[in-house]
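See structure below.
All ligand and atom numbering here is 1-based and tracks the order in the structure.
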Amino acid sequence: MRTRKRFIAANWKMNPAPAGFDAKDSPYRTHADCDVVVFPMTSDLQKVRTAELLFGSQGARPERSGAFTGDESMAAMKDAGCRYVLCGHSERRRVHAETNEFVMEQVIAALELGLHPVLCIGETVEERKAGKTHDVLKKQLHGLPESEQIVIAYEPVWSIGSGTAATPDEAADAHAFIRNQSKNANVRILYGGSVDDNNAASFLAKEDIDGLLVGGASLKPAVFGAIVAAARA
Ligand code: PGA
């Protein structure tokens with residue numbers, strides 16, 4: 001018996017919802033024994049809502065409103081029906097210069113609204129080579145509140161979209177460290193970075209890996225379906 005429910009996330013990034021996402025037997029539907037959560041573009045939120053998928057936002061600002069052209073607020077994402085929100089995805093940190101402090105403000109704002117933040121953390125290749133992985137993760141976790149609503153995603157920056165996933169042992173080491181740092185020993189921790197149907201099971205076999213955050217492979221319904229099947233096996 002697993003103590004923590006499995007969690008498989010589909011991060012569609014800036015891509016349209018894959019064909020058939022709304023079918024009755026769509027691989028993007030959630031299950032009683034495994035949360036399946038999709039993260040579409042903001043313009044597709046209502047489509048996935050109508051299709052009755054479990055879904056979240058790819059990111060939002062903590063302020064309720066204000067002069068932030070082109071951005072979305074956490075509150076608006078909640079109104080749009082989101083249950084989850086990605087906070088601090090490495091592409092947001094890189095392209096939009098989101099800092100650790102700002103990402104933690106997002107986590108807190110999400111919690112206050114009753115959303116489930118999915119806090120994304122992970123080291124760059126330079127940081128790993130310099131032996132700084134644990135230090136970086138510790139800084140990215142600084143100030144994390146204690147809440148059962150929180151999900152953490154360990155995504156080494158060098159593995160995202162690169163085709164070079166971490167090894168299951170590298171991921172397991174980081175996950176054990178993250179669990180140890182977390183105030184909630186039962187926090188769900190996902191691995192993300194070049195996950196596909198060939199490597200999903202090897203990550204899920206590790207004690208501290210509770211699920212997967214899938215980017216590129218989540219756009220291929222058959223591949224994503226195989227990943228969800230691996231999580232439910
Ligand atoms: P990837 O992306 O699976 O394409 O590496 C993962 C992510 O960005 O969350």
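Among C120, G122, G161, the residue whose heavy atom lies nearest to atom 5 (O) of ligand 1 is G161.
Heavy-atom proximity to S159, at under 4.0 Å, picks out these atoms of ligand 1: 5 (O). Listed by number with element, the atoms of ligand 1 under 4.0 angstrom from any heavy atom of G193 are 5 (O). Residue H89 has at least one heavy-atom neighbour below 4.0 Å for each of these atoms of ligand 1: 7 (C), 8 (O), 9 (O). For ligand 1 and K13, the ligand atoms under 4.0 Å from any heavy atom of the residue are 2 (O), 7 (C), 8 (O).
Heavy-atom separations between G192 and ligand 1 are all 4.0 Å or longer. Taking a 4.0 Å cut-off on heavy atoms, A217 fails to register as neighbouring ligand 1. A153 does not count as a contact of ligand 1, since none of its heavy atoms falls under 4.0 Å from the ligand.
For a threshold of 3.5 Å applied to N or O pairs, the pair formed by V214 and ligand 1 contains no separation below that value.
Counting only heavy atoms of the protein, atom 4 (O) of ligand 1 lies nearest to G216 N, 2.8 Å. Shortest contact from atom 9 (O) of ligand 1 to any protein heavy atom: E155 OE2, 2.7 Å. G215 N, 2.9 Å is the protein heavy atom nearest to atom 3 (O) of ligand 1.
By the criterion of a heavy-atom distance under 4.0 Å, both the backbone and the side chain of I160 are placed next to ligand 1.
Taking a cutoff of 4.0 Å between a charged side-chain nitrogen and a carboxylate oxygen, K5 and D210 do not qualify as a salt bridge. A salt bridge is defined here as a Lys NZ or Arg NE, NH1 or NH2 lying under 4.0 Å from an Asp or Glu carboxylate O, and D35 with R188 meets this definition. A salt bridge between D44 and K47 is present, with a side-chain N of the basic residue lying under 4.0 Å from a carboxylate O of the acidic one.
Pairing each heavy atom of A165 with each of G193, the nearest pair is CB-O, 3.4 Å. Contact between F224 and A9 at its shortest, heavy atoms only, is CE1-O, 4.0 Å.
Between Y191 and H175, the angle of the ring planes lies from 30° to 60°, which puts this pair in the tilted group.
Judged by distance alone, with hydrogens and angles left aside, the side-chain atoms of Q58 form a donor-acceptor pair with the main-chain N or O of F39 at under 3.5 Å.
If you run side-chain contact (heavy atoms from CB on, under 4.5 Å) between L212 and each of I227, L190, V228, only I227 comes through.
Y154 and F177 have their aromatic ring centers separated by at least 6.0 angstrom.
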